[in-house]
Amino acid sequence: MKVSRYILSTLKEDPSDAVVLSHRLMMRAGLIKKEAAGMYSYLPMGLKVLKKVMSIVREEMDREGAMECLMPELTNADLWKESGRWNTMGPEMFRIKDRNGMEYSLGPTHEESMTNMVRSIISSYRDLPLNVYQINTKFRDEIRPRFGVIRSKEFIMKDAYSYDINQAGLDESYQSMARAYRNIFSRCGLETIPVQADSGTMGGNASEEFMVASEVGEEVLLLCEGCDYRANREKAAYKRTESSADETPLEMKKVSTPDVKTIEDLEAFFGCSQKRFLKSIVYIINEKPVMVVVPGDREVNEHKVAALFAATEIELANDEVVEKVTGAMVGFAGPVGTVGAEIVFDETVPMMKNAITGANEAHYHLKNVNPGRDFEVSKVADVTSAMEGDTCSVCGGKLYEKKGIEVGHIFKLGDKYTKGMNVSVLDENGKAVTPLMGCYGIGVNRTVAAIVEQNNDERGVIWPKEVTPFQVHFIGIGKKEEQVSEFEEIYSRLMSAGFDVLYDDRKSSPGIKFADADLVGIPVRVTAGKGYFESGRLELKYRNSQDIKELSIDEAMEEIGNFYKK
RNA sequence: CGGGGCGUAGCGCAGUCCGGUAGCGCACUUCGUUCGGGACGAAGGGGCCGCAGGUUCGAAUCCUGUCGCCCCGACCA
């Protein structure tokens, strides 16, 4: 491809609305163009990269025996109502009506659609296992699209769904996807951190996220220094230790605390650490109030709480509910006395001594509160988030935090959808069984952004060789007619050797061509200039190195061939 | 949804406080000189100053409304 005929729309300066590195570079290198908030066009070069990532995905999925298909992006509301998600998906689902008033959603994910398609096809255990996938656009009305293509309203996802006759089969399907994902991301030149994850509103149990470490990551991971435990914050477990555990219980006292409402206020008022307080927060779960009691220095982990109640939605109770439950205004809640709600205690609570908590009476707190003595510790669970410095529950090592971009996610869904949507097949004995399901997603364009985020320098992108938009960036320096025809000759020889070549034939100065080459980031650069006309030698330079090799055309082609062969 | 900021040429910005009919850099066109890391000179083209209404002799500028975009936050009692 000749640059003079190509859209090489590079920018010298960062567009004002691009903040994160990958977004800036993708805009500057002319890969994408913003159409509106959270909506991007792919320019030719960006599309080439996207397609390369897609074909890696296809190859690795197919290698594991998955089958590609393609589903409508408009999905029937009835399917969502059947699974119950029409109500639980919330406002992030785009909903539309046709002229007849029929309701649809612009598919945010396709468990229902795929299961609906599959259930009409399978009828026997002989039809399983089955793994079907598609690469298609998904729509989510994101609360706040940002970071370019990393979080957009419209994005491309590879979503696969497996159906197995039993748990052993599901385990196998899951493992095969775990394998495929490792291959896919490594071929994309990405270093991913697989972490244990919460399965969120998708339902189901086991799940693993593939994260790319990045400062702009929207997820917080907790990794162990001592072992290979790694999980995202929504899920991460940690071992409880409590410094006050060996204190002697003192007599409980009621203390007047006018307008002392927040943990910060309490800290100032009592002059002791946040750890000493029992924070009592009221939620509405499955339409019932639940009080969650945690140490003052911890945050309630709503994902863990929701999982505990097998709830899809959890919401903070409003002031009226809090007053009804505790009998006091917000700010003075506690587990001592009468509470009109079920109470859940974090695992730390039973270990605490002489704690301070709300008295369930306006402007009063209780000090020297002791679990077991002053209130019954009925239901204990892990309902707080791990933090940096916490103790690993596996090996006792220290946990540390890292931010990450989620590029892939694999789940075991179990029978959530197959049961809910009445899918069944006959087993060997002619008995109806419900297949078990797994689902496996990859954010394709987010993966491209992650690749850029991880592979660049101050001059621009450095594409890993399997996803580079072109294989060779050829630059000719010289404008004389006979020089240009020599360049044309070299260009066509490179092309006929089978390389995908971007030939910068513009009449610009060399500086512009070199700068654009660095920005665009094709791994191999070949230059024909003064040296070529003197000695017939081309210059070959790899984007990730400073060295320049002087080679004849044949040598250069051999070297490039070897580079891409591996 | 709450808070903050911004909409002026393809891109980056100034001009807005203090009203007088739009400017700079890059990019683009033509000519000449240059020609290995974002060259130089000369001459050009390109704007409903986000949109609508109002005030005024006169509005990019003041007022009202509206739309779009960016950043931060989104409840921990």
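Note that the structure is a prediction, hence the values are computed from the model and not measured. Just the heavy atoms: all of them, side chains too, but no hydrogens, waters or symmetry mates, feed the values below. Chain naming here is simple, since letters A, B, ... match the order of the sequence lines and numbering starts at 1 in each.
Under 4.0 angstrom from either OP1 or OP2 of B:G10 there lies no side-chain N or O belonging to A:Lys33. Dashed line: the shortest gap from a side-chain N or O of A:Arg144 to OP1 or OP2 of B:C72 is under 4.0 Å.
Atom name P, nucleotides B:U61 and B:C51: the rounded distance is 10 Å, in whole Å. Nucleotides B:C49 and B:C70 are separated by 23 Å at their P atoms, to the nearest Å. Atom C1' of B:U21 sits at a distance of 8 Å from the matching atom of B:G58, rounded to the whole Å. B:A59 and B:C48 have their C1' atoms separated by 14 Å, with the value rounded to a whole Å. Between B:U30 and B:U64, the two C1' atoms lie 48 Å apart (nearest whole Å). Comparing B:U66 with B:U29, their P atoms sit 44 Å apart, to the nearest whole Å. For the C1' atoms, the distance linking B:G15 with B:G38 amounts to 29 Å, nearest Å. On the P atoms, B:G4 is 46 Å away from B:G41, given to the nearest whole Å.
Judged by the 6.0 Å distance and 45° axis criteria, A:Arg240 is positioned over the aromatic ring of A:Tyr238. For the pair A:Arg95 and A:Trp80, the cation-pi criterion (under 6.0 Å, within 45° of the ring axis) is not fulfilled. Seen from the ring of A:Phe345, A:Lys379 does not count as a face-on cation partner, given the 6.0 Å and 45° thresholds. A cation-pi geometry, defined here as NZ or CZ lying under 6.0 Å from the six-membered ring centre and within 45° of its normal, does not hold between A:Lys34 and A:Tyr40.
Side-chain atoms of A:Asp554 do not come within 3.5 Å of backbone N or O of A:Met557 as any donor-acceptor pair.
Toward the 5′ end of RNA chain B lies the nearest nucleotide of A:Asp17, the other residue of the pair A:Asp17 and A:Leu266 mapping further downstream.
The base-pairing partner of B:G44, taking Watson-Crick or G-U wobble contacts with both distances under 3.5 Å, is B:C28. Summarising the base pairing, B:C62 is matched to B:G54 through a Watson-Crick or G-U wobble pair whose two defining distances lie under 3.5 Å. With a 3.5 Å ceiling on both atom-pair distances, B:C17 lacks any Watson-Crick or G-U wobble partner. Base pairing analysis places B:A39 opposite B:U33; the two distances defining the Watson-Crick or G-U wobble pair are each below 3.5 Å. With a cut-off of 3.5 Å on both pairing distances, the Watson-Crick or G-U wobble partner of B:G7 is B:C67. Both distances falling under 3.5 Å, in either a Watson-Crick or a G-U wobble arrangement, place B:G73 opposite B:C1.
Within 4.0 Å of A:Val282, counting heavy atoms only, lies at least one base atom of the nucleic acid. Using a 4.0 Å heavy-atom criterion, one finds that A:Val292 contacts no nucleic acid atom at all. When heavy atoms are screened at a 4.0 angstrom cut-off, A:Ile475 is found touching no nucleic acid atom at all.
Each of A:Val520, A:Ile522, A:Val501 was evaluated against A:Phe470; a single residue qualifies, A:Ile522, per the side-chain contact (heavy atoms from CB on, under 4.5 Å) test.
Distance from the side chain of A:Ser16 is smallest for B:C13 among the nucleotides B:C70, B:C76, B:C13. Listed candidates were B:G12, B:A74, B:C70. Nearest to the side chain of A:Pro15 is B:G12. Listed candidates were B:C75, B:G12, B:C70. Nearest to the side chain of A:Leu316 is B:C75. The side chain of A:Tyr283 lies closest to B:C76 when the candidates are B:G12, B:C76, B:A74. Nearest to the side chain of A:Glu302, among B:C13, B:C71, B:C76, sits B:C76.
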Task: Protein proximity profile, nucleotides 32-38 of chain B - base contact B, sugar-phosphate-only contact S, no contact -, cut-off 4.0 Å on heavy atoms - done: --BBBBB
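Salt bridge annotation for A:Glu218-A:Lys403: absent, with no cationic side-chain nitrogen under 4.0 angstrom from a carboxylate oxygen. Between A:Lys2 and A:Glu488 a salt bridge is recorded (basic side-chain N to carboxylate O distance below 4.0 Å).
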TODO: Apply side-chain contact (heavy atoms from CB on, under 4.5 Å) to A:Glu361 and A:Phe332, showing your working.
DONE: CA-CA 6 Å; A:Glu361 185 179 335; A:Phe332 301 94; over 6 Å; no
